[in-house]
Amino acid sequence: MLIATGTAHSSDAAFDARLSIDAARPGAPANALLLGSNVQWVDRGDELLMRDGRGFNRPVLEGVQQLRPTLLRYPGGSHSDLYRWRDGIGDRSERRENEHFFSRRMQRIEMGTQEFLELCEQLGAEPLFTVNVVTGSADEAADWVRWVNVNRPRSRLTGRPLPRARYWEIGNEPYLRDDRQKRLWLSPAEYAGRANRFIESMRGADPSILIGIPLRSDRIGGVPATPMPGFDETVLRALTQPFDWVAVHDAYLPFLFDGKASAEDLYRAAMAASRVVKQDLDETAALLARLKPGQPVRFGITEYSALFTLGGRFDALIDSPLGGLYVADLLVTLAGIREVALANFWSLSGNWHFGAVSQRGEPRAAHAVLAALRDVFVGRQLPVEVRSDGRFDVVRVGFVPEQRGVSSITAFATVDQDTVRVAIVNKDRHRNARLTIDFGAVSLSEAGVVALTSVNPFDTDGSHERWSRSSLRLGAKKGGELSFELPGASMAVLQVRLKESGAPKAAR
């Protein structure tokens, strides 16, 4: 649990860390679109809808409402390669079936575009659509844009026009090959040719939309990451139509190929994986600068999650406190990268070990993390300097290469009117972080911190609460400093009220 510094409960094994936050110098707006998620059309949107067709599944809806996701992507990863949107509109009884990508079985579309947009309305989220570039056509995609953004269907729940969609993505993962669906493979040149036609047609339907194209580096963390080497270069050279952002799926990490790693090595790799994502974004930005000079660099990580094995002994760790800490560290890292426009957790409701809530509405390990971070991504960003005695080394595990001196502390801060919020992750599994937070010249009124701590980061038993929650009220030292101990394998949100004279005017 959280510990007041200097008390009898203070740990001798703790390491020291200092956060310097310039609360008087707010910067760019916090990007709440990093707190997006994914919704699939199959299985009634992974049980978001009732089986009898009578609206939303209340327990699941209530679980996702607690997250307040800001951006929802549809119709769901690989399923977009077979999705025909017209088959999922109109009266439920008259809708057609589409093929389930993985099982190959036919299934009636019940979570169609209307239902998806009504879900966005209920949650206050923006929609993001992935168009079918594999088995669909450019005209079909343009008609979808027109139906959503020009015709503006009305909500059956409120009677109001449903949300417009600013963000559209040309395909899901054309750089991969799934042996179960060989008929859906596209070469890079074929994808680029189709993307040109799709972009032109879709902009003709609505010139204001922001169009993204999926790219994939040949290597991630030094490991081959696509069966189509040179995909990015081929596509960018052949793409003549303008695009607005790049979709990348480089944050399914650490992902072991052979499933072999000690518990400690696996933990450390997950806690160092955000560095791999940052490196891949930097390399992709450099490629764009070389091949598309003048092209604004904006990234959308339209799918991400902790991922350890596929069909291996670490599968269930996706839904563990370690998986939740990975999400916390990744989002805190992405918040500091100005080129990242959006991010979508995989996924909103449960499929396999994925999902923020189960298909019965039960919160999973990442749920508490995403809910806690929602309040931090408001207002304006504040500069944060982290100095930490806590560091760790990493051996190669999956996509995560050997690294030395990884900081055990990551942090992100925002200010909204007179309130500063700081998200802090202690990635050290064994030691408390003895934290000092310096807010500079501003005067503090009151402060408190809430933490999520895991006794066992590898706990995959979803029948109980896997996080220990604790809170602590804090008093300021001289000079506007706060201090407390954050346990190992924890994330915390610190909330500080500024005195009127110290509140930054630019944040008002």
Side-chain angles (χ1 to χ4, degrees), residues 1-19 253-254 261-275 306 308 314 317-333 365-366 368-370 372-373 376 384 386-395 397 400 403-412 422-437 448-461 464-472 474 482-494:
M1 65 177 191
L2 289 163
I3 302 171
T5 302
T7 67
H9 299 288
S10 183
S11 171
D12 293 335
F15 64 90
D16 291 315
R18 186 178 186 87
L19 275 59
L253 297 173
S262 70
E264 186 64 25
D265 289 343
L266 186 68
Y267 179 91
R268 292 187 179 195
M271 293 296 89
S274 61
R275 282 184 163 195
F308 299 89
F314 296 125
L317 286 178
I318 294 167
D319 179 25
S320 70
L322 175 55
L325 285 171
Y326 168 83
V327 170
D329 180 53
L330 177 67
L331 288 174
V332 167
T333 301
V369 169
L370 292 166
L373 289 175
V376 182
V384 182
V386 177
R387 286 172 288 175
S388 173
D389 292 339
R391 296 188 174 274
F392 59 92
D393 298 334
V394 182
V395 300
V397 174
V400 179
Q403 301 176 57
R404 298 198 175 275
V406 179
S407 175
S408 296
I409 297 293
T410 52
F412 172 66
V422 189
I424 309 167
V425 183
N426 179 8
K427 299 189 283 187
D428 193 304
R429 181 183 169 197
H430 304 288
R431 296 188 295 166
N432 291 3
R434 195 161 40 233
L435 292 165
T436 299
I437 299 95
V449 59
V450 177
L452 301 173
T453 303
S454 170
V455 175
N456 176 14
F458 303 96
D459 186 356
T460 58
D461 183 357
H464 64 275
E465 176 61 69
R466 281 161 287 177
W467 294 109
S468 172
R469 300 168 188 261
S470 57
S471 61
L472 188 65
L474 303 172
L482 298 172
S483 62
F484 61 95
E485 282 192 26
L486 180 62
S490 292
M491 72 151 290
V493 173
L494 170 67

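Atom set for the values below is all heavy atoms of this structure, side chains included, hydrogens, waters and symmetry mates excluded. For clarity, every value in this text was computed on a predicted model and none was experimentally measured.
In this structure, T436 and L482 have side chains that are not in contact, with every pair of non-hydrogen atoms separated by 4.5 Å or more. Using a 4.5 Å heavy-atom threshold, the side chains of I409 and V425 count as separate. Taking the side chain as every heavy atom from C-beta outward, V422 and V493 never approach each other to under 4.5 Å. With contacts defined as side-chain heavy-atom distances shorter than 4.5 Å, the pair T410/K427 qualifies.
Residue L2 holds its CG atom at 7.5 Å from OG of S490, rounded to the nearest 0.5 Å. How far CD1 of I437 is from OG of S483: 7.5 Å, rounded to the nearest 0.5 Å.
When all heavy atoms of A263 and F458 are compared, the closest pair comes out as O-CZ, 3.3 Å.
Taking 4.0 Å as the cut-off between side-chain N and carboxylate O, R431 and D428 count as a salt-bridged pair. A salt bridge links R466 and D319; the closest N-O separation between the charged side-chain nitrogens and carboxylate oxygens is under 4.0 Å.
In terms of the salt bridge (charged side-chain N to carboxylate O under 4.0 Å, His left out) criterion, D459 has no residue partners (sequence neighbours excluded). With sequence neighbours excluded, the residues forming a side-chain hydrogen bond (donor to acceptor under 3.5 Å, both in side chains) with T333 are S274, listed by chain and number.
Checked against S320 for a side chain to side chain contact (heavy atoms under 4.5 Å, CB included), the options N456, T460, L325 give a single hit: T460.
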* Output, in order, the C-alpha distance, side-chain angles, deciding distance and verdict of side-chain contact (heavy atoms from CB on, under 4.5 Å) for V376 and F412. => CA-CA 8 Å; V376 182; F412 172 66; 3.9 Å; yes
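For the pair N426 (side chain) and L486 (backbone), a donor-acceptor distance under 3.5 Å is present.
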